[in-house]
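Remarks on the structure that follows.
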Amino acid sequence: MTDRRRRGFAGRFLRSPSAVAGLVLVGLIAALGLFAKVIAPGPPFAFGFPSVGSPSRAHLFGTDAFARDMLVLVTRGIRTTLTVVGVVMAVSLPIGAGLGLTAGYAGGLLDAIITRIAEVFQAVPRFFLALVVIAVYGPGVDKIILVLSLTSWTFLCRTMRAETLSVKHRAFVAAARAAGARGPHIVARHILPHVLPRAIVVVMLMGSRVILIEAGLAFLGLGDRGKPSLGVLMSESQAYLRNAWWLSVIPGVAIVMLVLGLNLLSDGLSRALEIESDAGAAPRGWNSPGQHAA
Amino acid sequence: MVLGYLVRRVLQIVPTLLAIIIASFALIQFVPGDAAQTLAGETGDPVILAKARAEYGLDKPLPVQFARYVGRLVRGDLGQSYSYAQPVRRVIIGSLPTTILLTGTALLVSTVVGIVLGVVAARKPSGLVDHAIGAATLTAFAIPGFWLAQLAILFLVLRWKLFPLEGYARYGEGAPTGVFHLADVVYHLMLPATVLAISEIAAVTRIVRSSLLSQFGLDYTRVAEAKGLSKYDVLSRHALRNALLPVVTLIGTRVGFLFSGAVVIESLFSYPGLGSVLRAAATTSKDPPLLLGVVIVTSVAIVVANVVTDVVYTWVDPRVRLD
């Protein structure tokens, strides 16, 4: 990719309203999580404030039924969410992209084996698998990360395989091969740069699914009780729905903002890419693969 | 050629099913404390423990245990549920109909509404309506199912009292019977099914829209336009048929999503189905055989659904047979 084209991509990306909105949303929530200790200092489960207090100047997000400060709990909960998503994305990106590139480039038996393995992992609904593992081995952020990582790479693998197949027979790959380059070198230097942007789009969509699954598990009581969590906060708010809206609405809005932001970001990114790729003919307007992607 | 494809496709599910069985067997092996311990109870009387071990074959070597496990599964024996004190199969069969009613309704609603919204959005790409639907579906994707359910309960049930709070239907004294009972079942079903369907509606809308738009500019739609058909006719008579194929192929995946969603929705609305059973087995009653039974049954159902979809697909779209 030449310098001029890259700038063109960044320009397109930043001109897209959805990409900018996504960047702002994710940035806002991520800042709340990253600077949690600055924004709301103190231990996460400190109590002794007025119980079920509505948002005020002393407690911006109000207090909960256990007399804890919601600002502290929500920011720490975002931190937990970000940790889970970050690790899952970091683990499944190399696995999914690696296996997908291998399957697509090597073809044959290796391709068949990798495709079958991915199929097995896709057969079981992820939410169920996570439910079973946590029920059997006990709750814990590490187990959630493990299950979600184990099951998140499959869609990425499939996308990467398809992308590799479409690039494999292009002239520049043939040229590299003719010049004497070997398989691993061709994959790493010629194919990977072509398919990586698409991988990032997919990984973002995946991240937004991971957030929702993690929150769902925590809501059902399968999260880590020792760590502040948005899902747990919302499940605790259930009994106070009528009188204390902020207990459910504030963590809920935080999750929606983060997930929406990630979706918008991947949407904007994929649109900027579509214009760039010579495939063209992409439908106008919004066209991310949506929920079933990841 | 078609037959060859069918045979190949059906054979492909064998390793998948085997892997699911091995994984579930492995999960049981790693359960802290074995089934016998749970049955012998807290006392841990060695005599009872040994007897229970022998009864469940837990004293045999692993390969023998695995062979027995597969044998039992093939016969449809999923083991004994601890918390219900009856066969897992019976618990599942007992709660499956309500879940099928709930997820089936959500599947139907999401398909119909999703197609309509997708068509409406595709009629004028980048128009006001298109952008509005686009924004709505993006938001629908971002809302956790349990939060949507919470908000629905808060406003539609508690504040405005439009829907019943929980359950499958009213029972006992003064409960409606006959046709009124059916109406009551539908009344109880409406809110949970709608909440469950929301994110699926968004998914179908997006799929239909983008696959409709990708049909425009292809030869057959241009011919139809050249014949003088209005854009709406081209869309509904020609493009829609092809655009709906992805909706068909994704049914297996969609069923998986709906089942997962049903766990949360059923718990929140106290809807007596497989989801509620699964949640209880995972949280309060700690019932691994029941958990695994539910997961095996739903996974197999999804694998089979995928194969059936693929086969139906070759029939709906003959082009697929070529590969």
Side-chain angles (χ1 to χ4, degrees), chain A residues 18 116-117 119-129 131-138 208-209 211-213 215-216 219-222 230-231 234-235 237-238 241-242 245 248-249 251-253 255-264 267 281-292, chain B residues 12 15-16 19-20 23 27 30-32 125-126 130-131 134 137-139 141-147 150-151 153-154 158-159 199-200 202-203 206-207 209-210 212-214 217 250 253-254 256-257 259-261 263-264 267 278-279 281-283 286 288 291-292 294-295 298-299 302-303 306:
Chain A
S18 70
R116 277 294 93 69
I117 295 175
E119 226 170 62
V120 171
F121 276 95
Q122 277 180 323
V124 188
R126 291 203 279 169
F127 193 72
F128 281 21
L129 196 64
L131 210 71
V132 171
V133 169
I134 290 160
V136 171
Y137 298 104
S208 71
R209 284 294 304 166
I211 294 170
L212 290 177
I213 293 177
F219 184 84
L220 288 181
L222 291 159
L230 298 174
M234 295 172 76
S235 126
S237 77
Q238 184 78 11
L241 268 188
R242 248 198 251 240
W245 58 267
S248 159
V249 168
V253 168
I255 292 178
V256 171
M257 280 171 75
L258 192 54
V259 176
L260 186 62
L262 274 174
N263 287 346
L264 285 170
D267 206 33
R284 282 163 291 171
W286 41 281
N287 66 324
S288 85
Q291 178 190 26
H292 291 129
Chain B
Q12 273 175 1
T16 314
I20 293 171
L27 263 169
F30 294 122
V31 171
S126 295
D130 184 35
H131 279 303
T137 54
L138 264 182
T139 316
F141 275 142
I143 300 180
F146 59 86
W147 194 41
Q150 259 188 351
L151 294 178
I153 289 174
L154 175 59
L158 296 177
R159 287 256 162 98
S199 71
E200 279 306 299
R206 292 180 89 85
I207 293 165
R209 176 191 179 276
S210 73
L212 258 181
L213 290 185
S214 68
L250 280 171
T253 323
R254 292 174 54 205
F257 269 107
F259 267 142
S260 308
V263 179
V264 173
S267 312
L278 191 63
R279 194 227 173 149
T283 50
K286 299 271 180 243
L291 267 174
L292 285 175
V294 175
V295 171
T298 44
S299 308
I302 289 167
V303 171
N306 277 330

| chain B contact via A:Ser248 - side chain, backbone, both or neither, heavy atoms under 4.5 Å | both
| message | With rounding to the nearest 0.5 angstrom, report the CZ to CZ distance, A:Arg209 to B:Phe141. | response | 9.0 Å
| remark: Tightest non-hydrogen contact, residues A:Ala135 and B:Ala282, listed as CB-O, 3.4 Å
| field | Nearest-0.5 Å distance that lies between atom CD1 in B:Ile153 and atom CZ in A:Arg242 | value | 11.5 Å
| field | Atom pair CD1/CG of A:Ile134 and B:Leu291 - distance to nearest 0.5 Å | value | 11.0 Å
| Using non-hydrogen atoms only, which part of B:Ile143 is less than 4.5 Å away from chain A: side chain, backbone, both, or neither? | both
| request: Begin with the C-alpha distance, continue with both residues' side-chain angles, and end with the deciding distance and a verdict on side-chain contact (heavy atoms from CB on, under 4.5 Å) for A:Leu212 and B:Trp147. | output: CA-CA 10 Å; A:Leu212 290 177; B:Trp147 194 41; over 6 Å; no
| message | Looking at chain A, which one of B:Val263, B:Leu151, B:Val303, B:Thr139 has the largest number of heavy-atom pairs inside 4.5 Å, strictly under? | response | B:Val263
| query | Based on non-hydrogen pairs under 4.5 Å, which of B:Leu292, B:Leu278, B:Val294 is most in contact with chain A? | reply | B:Leu278
| query | Going through the distances and angles, do B:Phe146 and A:Leu220 end up as a side-chain contact (heavy atoms from CB on, under 4.5 Å)? | reply | CA-CA 9 Å; B:Phe146 59 86; A:Leu220 288 181; over 6 Å; no
| note | Between B:Ala142 and A:Val259 the two heavy atoms that sit nearest each other are CA-CG1, 3.5 Å
| said: Can you give me the closest heavy-atom contact between A:Phe128 and B:Ser260, atom names plus distance? | reply: CE1-CA, 3.7 Å
| query | What part of A:Arg116 is in contact with chain B, defined as an atom under 4.5 angstrom from a non-hydrogen atom: side chain, backbone, both or neither? | reply | side chain
| If only atom types and distance count, is the side chain of B:Gln150 paired as donor or acceptor with the main-chain N or O of A:Met234 below 3.5 Å? | yes
